[in-house]
Amino acid sequence: MFHGAMVAIVTPFKNGKIDFPGLRNLIEFQIANGTTGIVSCGTTGEPSTLSWDEHQRVTEITVEQVAGRVPVIAGTGSNSTEEAIRLTWHAKKIGANAVLMINPYYNKPTQEGIYQHFKATAKAVDIPIIIYNIPSRTGSNIEPSTVKRLSEIGSIVGIKEASGSIKQIMDILSQANPAMFAVFSGDDDLIYPVMAMGGSGVISVASNIIPAKIAELCDSLQKVSIGGKTYYGEAIETRLSFFALRPLFAALFLETNP
């Protein structure tokens, strides 16, 4: 369900108020140009400056306007576990397909604290959860070992990775089950390497203005030409062979090289 070019859609304003007709128009613009999912109230949607009522209403309008044509992923993250659960319950109630949850910001919890935060939300609300890791904003990183633990919780289905670390993304891709857990680039300038390594797509800022180009890029990266024929997906055997060699690559640098 979750793949390709998904947009972290802006929340439009007019005269200091949310422009709901404008939001509806932006959603139509996205769908007409090949966007495969709408993420409401992600960072680009300014949830940190919306009131509780505004946040809920933006999500409601998004679900209503999309009308099932593409998945809607509602931003429901908070540094308060209780508040994250409340927002996630609301997203489920109004028919969102999934939620995007940032790790607790400012609090800077331990890795165990991060794990328990997501686990508690997953236990409280039965809806697909996509983790959002962006250390530059939260002050803490979700380490690959923690992502692996979280990926074993059935309703946690993916991660938006915005750490900017290719090594971290490779570690996540090599440890998580690709059939059960999707990895999305959280940075537009990393779409190519993330998808080339087996990522499922991007949650994009650039798609707000060039959705067709981002959708085309993601679509082309999901195709592989072998012997003159086009296949969807990638050469999995090649990727697995590469991952199998990575422990050796790491071992060569256990001490300073050369």
Side-chain angles (χ1 to χ4, degrees), residues 1-6 8 36-37 39 42 71 73 75-77 84 88 97-104 109-123 125-135 138 140-187 190-204 218 221-222 224 232-251:
M1 180 182 291
F2 310 111
H3 70 280
M6 300 189 291
T36 57
V39 178
I73 303 168
T76 62
T88 302
N97 301 98
V99 297
L100 180 70
M101 280 186 58
I102 200 165
N103 58 306
T110 63
Q111 293 301 301
E112 182 63 25
I114 291 170
Y115 174 79
Q116 293 297 336
H117 173 80
F118 283 101
K119 181 182 178 181
T121 307
K123 183 178 180 180
V125 189
D126 183 18
I127 190 172
I129 295 172
I130 297 173
I131 303 161
Y132 181 14
N133 184 38
I134 182 166
T138 63
S140 61
N141 181 45
I142 309 177
E143 296 176 2
S145 59
T146 303
V147 176
K148 184 176 187 301
R149 289 180 69 197
L150 289 168
S151 73
E152 294 165 356
I153 298 173
S155 61
I156 297 181
V157 299
I159 185 169
K160 176 184 177 182
E161 238 301 330
S163 67
S165 169
I166 290 295
K167 180 184 182 302
Q168 174 153 312
I169 294 168
M170 285 194 292
D171 287 340
I172 293 169
L173 284 163
S174 62
Q175 292 175 22
N177 181 348
M180 304 295 293
F181 191 79
V183 178
F184 302 99
S185 176
D187 299 295
L190 292 181
I191 294 172
Y192 194 100
V194 170
M195 293 192 69
M197 291 186 296
S200 297
V202 63
I203 295 179
S204 172
C218 289
L221 286 169
Q222 290 175 324
V224 176
Y232 281 86
E234 62 178 314
I236 294 174
E237 295 81 7
T238 302
R239 176 158 57 98
L240 294 178
S241 296
F242 167 73
F243 285 142
L245 289 171
R246 291 193 66 238
L248 172 62
F249 299 161

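Being a predicted model, the structure only gives us computed values, none of them experimental.
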Exercise for review: Please identify each residue that fulfils salt bridge (Lys or Arg N to Asp or Glu O under 4.0 Å) with Lys148, with sequence neighbours left out.
Suggested key: Glu152
Check your understanding: Between atom OG1 of Thr146 and atom CG of Asn141, what is the distance when rounded to the nearest 0.5 Å?
Key -> 8.5 Å
Check your understanding: Donor-acceptor pair, Asp171 side chain versus Pro144 backbone, under 3.5 Å?
Key -> no
Point to revise | Partner residues of Glu143 under the side-chain hydrogen bond (donor to acceptor under 3.5 Å, both in side chains) criterion, sequence neighbours left out | key: none
Review point. Do the numbers put Lys160 on top of the ring of Phe184, so that NZ or CZ is under 6.0 Å from the six-membered ring centre and no more than 45° off the axis?
Key: no
Practice item. Quick one: list whatever passes side-chain hydrogen bond (donor to acceptor under 3.5 Å, both in side chains) with Ser200, sequence neighbours left out. Key: none
Review point. Roughly how far, to the nearest 0.5 Å, is the CD atom of Gln116 from the OG1 atom of Thr110?
Key: 9.0 Å
Study note, to complete from the structure: Minimal heavy-atom distance between Ile73 and Leu100, with the atoms involved, is CG2-N, 3.6 Å
Exercise for review: Would you name the heavy atoms of Glu161 and Ser163 that are closest together and state the gap between them?
Suggested key: OE1-OG, 2.6 Å
Review point. Under the side-chain hydrogen bond (donor to acceptor under 3.5 Å, both in side chains) test, which residues partner Gln175, sequence neighbours left out?
Key: none
Practice item. Report the distance from atom CD1 of Ile191 to atom SG of Cys218, rounding to the nearest 0.5 Å. Key: 5.0 Å
Check your understanding: With sequence neighbours excluded, what pairs up with Lys123 under the side chain to side chain contact (heavy atoms under 4.5 Å, CB included) test?
Key -> none
**Study point:** Residue list, side-chain hydrogen bond (donor to acceptor under 3.5 Å, both in side chains) with Thr76, at least two apart or on another chain
**Key:** Thr88
Review point. Only one of Ile129, Ile130, Val147 forms a side chain to side chain contact (heavy atoms under 4.5 Å, CB included) with Ile156, so which one is it?
Key: Ile129
Point to revise | Whether over 12 other heavy atoms sit under 6.0 Å from Asn177 CG | key: yes
Practice item. Taking the side chain as every heavy atom from C-beta outward, state whether Phe118 and Ile153 have any pair of such atoms under 4.5 Å apart. Key: no
Check your understanding: Within the side chain of Thr36, is there an N or O that forms a donor-acceptor pair under 3.5 Å with the backbone of His3?
Key -> yes
Check your understanding: Does any non-hydrogen side-chain atom of Phe181 lie less than 4.5 Å from one of Ile159?
Key -> yes
Exercise for review: Please answer whether the main-chain N or O of Met170 pairs with a side-chain N or O of Ser174 as donor and acceptor at a distance below 3.5 Å.
Suggested key: yes
Point to revise | Stepwise side-chain contact (heavy atoms from CB on, under 4.5 Å) check, Gln168 with Asn133 | key: CA-CA 11 Å; Gln168 174 153 312; Asn133 184 38; 3.1 Å; yes
Point to revise | Test item: Ile131 and Asn103 side chains (from C-beta on) under 4.5 Å apart, heavy atoms | key: no
Check your understanding: Going by heavy atoms in the side chains, are Asn97 and Pro128 under 4.5 Å from each other?
Key -> no
Check your understanding: With sequence neighbours excluded, what pairs up with Val194 under the side chain to side chain contact (heavy atoms under 4.5 Å, CB included) test?
Key -> Ile169, Ser185, Leu190
Revision key, fill the gap. In short, Asp187 meets Ala162 closest at the heavy-atom pair OD2-CA, 3.7 Å
Practice item. Check side chain to side chain contact (heavy atoms under 4.5 Å, CB included) between Pro109 and all other residues, then give those that pass, not counting sequence neighbours. Key: Pro104, Asn107, Ile114, Ser140
Exercise for review: Report the distance from atom NZ of Lys119 to atom CG of Leu150, rounding to the nearest 0.5 Å.
Suggested key: 10.0 Å
